[in-house]
Protein chains: 2
Amino acid sequence: MDDADGALTQLKAWLAQRDLPSDGRLPPERELVEILGVSRGELRKALAVLECDGELWRHVGKGTFIGSRPVEVHSSVAAIANRTNPLEVMQARLIMEPVLAREAAINATGSHLEGMQQCVRLQRTAQTWRQYENADNRLHRLVAEASGNTVLTALFDQLNAVRRAVVWGRLRDESNRPPTNHYSFAQHEALVAAICERDQKAAFKVMQNHLRTVRDNLLQHRSAAE
Amino acid sequence: MDDADGALTQLKAWLAQRDLPSDGRLPPERELVEILGVSRGELRKALAVLECDGELWRHVGKGTFIGSRPVEVHSSVAAIANRTNPLEVMQARLIMEPVLAREAAINATGSHLEGMQQCVRLQRTAQTWRQYENADNRLHRLVAEASGNTVLTALFDQLNAVRRAVVWGRLRDESNRPPTNHYSFAQHEALVAAICERDQKAAFKVMQNHLRTVRDNLLQHRSAAE
DNA sequence: GAATATAATCAATTCTTAATTGATTAGACA
DNA sequence: TGTCTAATCAATTAAGAATTGATTATATTC
């Protein structure tokens with residue numbers, strides 16, 4: 001390497017002798033310039049080479065770091081909700097939630113069961129759709145949590161966030177209050193009963209039937225609107 | 001309701017007539033006290049009742065909101081990975097991926113199929129484990145994408161991110177290059193073949209068997225280490 | 001005149017400080 | 001004893017200043 005790569009050579013040497021902090025961050029360009037005694041343009045050229053080689057990554061406002069750029073996994077819920085539709089969401093729920101119910105029948109703790117039963121009671125006495133939906137959300141979340149699987153619960157949370165962000169249009173019943181004989185009442189009670197009795201197959205089946213009912217209602221409303 | 005519940009009655013009445021902002025936030029306690037003309041203690045009792053009923057939720061520094069407490073969806077991949085283990089991840093994969101494979105058999109496009117076949121070829125000729133894993137990642141991601149379900153694909157991505165972040169310890173084979181008779185070869189080829197032939201049941205079954213093999217290998221290694 | 005160094009500026013991010021807010025405690029009052 | 005008021009605490013948010021990589025303009029050097 002000749003003088004044309006002086007900055008690069010010097011930078012590599014400095015990186016080799018200096019052990020960096022745990023996060024792999026190296027000093028800002030304005031400091032490195034003084035440390036290495038090169039101009040900022042030369043330093044940036046050298047950094048660009050190393051970045052191109054995948055040895056470091058940079059970001060405005062953050063700094064320069066050794067290693068490979070961390071993958072952005074924070075695929076926003078809103079972005080997903082904009083590219084999907086209620087039917088896809090229901091399909092995903094039909095895959096996830098029966099399994100969660102089955103696992104909940106195995107692993108649910110006493111406090112989980114108490115919470116589920118309270119949700120069912122609250123739903124029966126709900127005066128508004130908002131109260132009804134609150135209880136519904138809490139119940140399904142409790143089932144997920146009771147499964148005991150951290151990953152599945154996290155996936156359920158993301159699915160749930162997408163569900164709430166998706167545009168459901170006029171699919172929702174807009175009457176003032178939930179009817180006293182709403183189909184979900186019996187299904188939710190059967191679900192909680194199955195989980196309480198540790199009946200895995202029943203918990204799976206009841207949840208599956210429940211979500212199929214919800215899905216079929218969805219399709220019926222849609223075809224009626226078209 | 002008598003005077004003992006005056007604050008609760010007044011609060012409910014105020015909530016009924018007043019339409020709240022879109023985020024469901026209601027004024028801070030210090031303001032509500034002046035609006036309703038009740039003492040802060042009474043107000044907090046009334047709020048506690050409504051919170052217990054699940055009609056609102058509160059948090060220090062944030063405020064008081066109508067609706068059910070939002071789940072921590074910010075659960076970053078790293079946070080999940082720290083609280084889970086390889087077995088939970090495999091369980092989640094066993095639930096998600098066979099379904100994705102079945103849907104892929106229905107909805108995969110020509111470019112999806114080409115990509116899958118290329119992955120299989122790349123895996124056969126992989127010189128290093130890194131190349132092998134790259135092809136493996138791409139294949140499974142292609143199956144998810146080919147399912148055509150945006151939500152399921154997003155969930156797969158999150159699961160995949162967790163899988164890569166989880167500490168697998170010495171479960172990985174550390175030999176220099178993948179063996180030429182690695183069990184995954186045949187399974188992956190059978191998977192791609194089933195999807196190409198639009199055989200939904202076979203695609204589901206092959207993926208399930210594949211992941212069970214992976215899981216069993218995992219358990220075997222673990223019990224050997226103990 | 002071309003190339004490079006230096007300075008100025010921009011935009012994204014982080015840091016710092018103050019203000020807000022629900023929760024808790026202590027004292028006054030009846 | 002019970003309730004109201006005030007003070008205080010702890011968690012969060014809001015806003016402005018300071019950083020930092022990227023870009024552009026100006027000056028310098030050979």
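A note on names: the letters A, B, ... follow the listed sequences, proteins ahead of strands, and every chain is numbered from 1.
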- Between A:R25 and A:V33, which is nearer to the 5' end of DNA chain C once each is assigned its nearest nucleotide? A:V33

- Message: Between the base of D:dA22 and the side chain of A:R40, is there a donor and acceptor pair under 3.5 angstrom?
- Response: yes

- Can you find a heavy atom in the side chain of B:K12 that is under 4.5 Å from one in the side chain of B:L8? yes

- Message: Ignoring hydrogens, what is the shortest heavy-atom contact between B:Q158 and A:A154? Give both atom names and the distance.
- Response: OE1-O, 4.2 Å

- What pairs with B:F65 under ring-ring contact (aromatic ring centres under 6.0 Å, His included), at least two apart in sequence or on another chain? B:W57

- Task: Indicate whether OP1 or OP2 belonging to C:dA23 is found under 4.0 Å from a side-chain N or O atom of B:R58.
- Result: yes

- Item | Phosphate OP1/OP2 of C:dA23: any B:R44 side-chain N/O under 4.0 Å | yes

- Query: What's the spacing between B:T150 OG1 and B:L155 CG if we round to 0.5 Å?
  - Reply: 11.0 Å

- Task: Determine whether any donor atom in the side chain of A:R30 lies under 3.5 Å from an acceptor atom in the base of D:dG21, or the reverse, and answer yes or no.
- Result: yes

- Note on the structure: Terminal axes of the helix from C:dG1-D:dC30 to C:dA30-D:dT1 (5 end pairs apiece), angle rounded to 10 degrees, sit apart by 20°

- Between D:dC4 (C1') and B:L36 (CG): distance, integer Å: 16 Å

- Query: Hey, is the side chain of A:T64 poking within less than 4.0 Å of OP1 or OP2 on D:dG21, counting only N and O atoms?
  - Reply: yes

- Item | Contact list for residues 46-57 of chain B, test salt bridge (charged side-chain N to carboxylate O under 4.0 Å, His left out), sequence neighbours left out | B:E51-B:R58, B:E51-B:R69

- Task: Indicate whether OP1 or OP2 belonging to C:dT21 is found under 4.0 Å from a side-chain N or O atom of B:H59.
- Result: no

- Would you mind telling me which of C:dT13, D:dA10, D:dA22 lies closest to the side-chain atoms of A:K62? C:dT13

- Under 4.5 Å between any side-chain heavy atoms of A:V192 and A:L113, yes or no? no

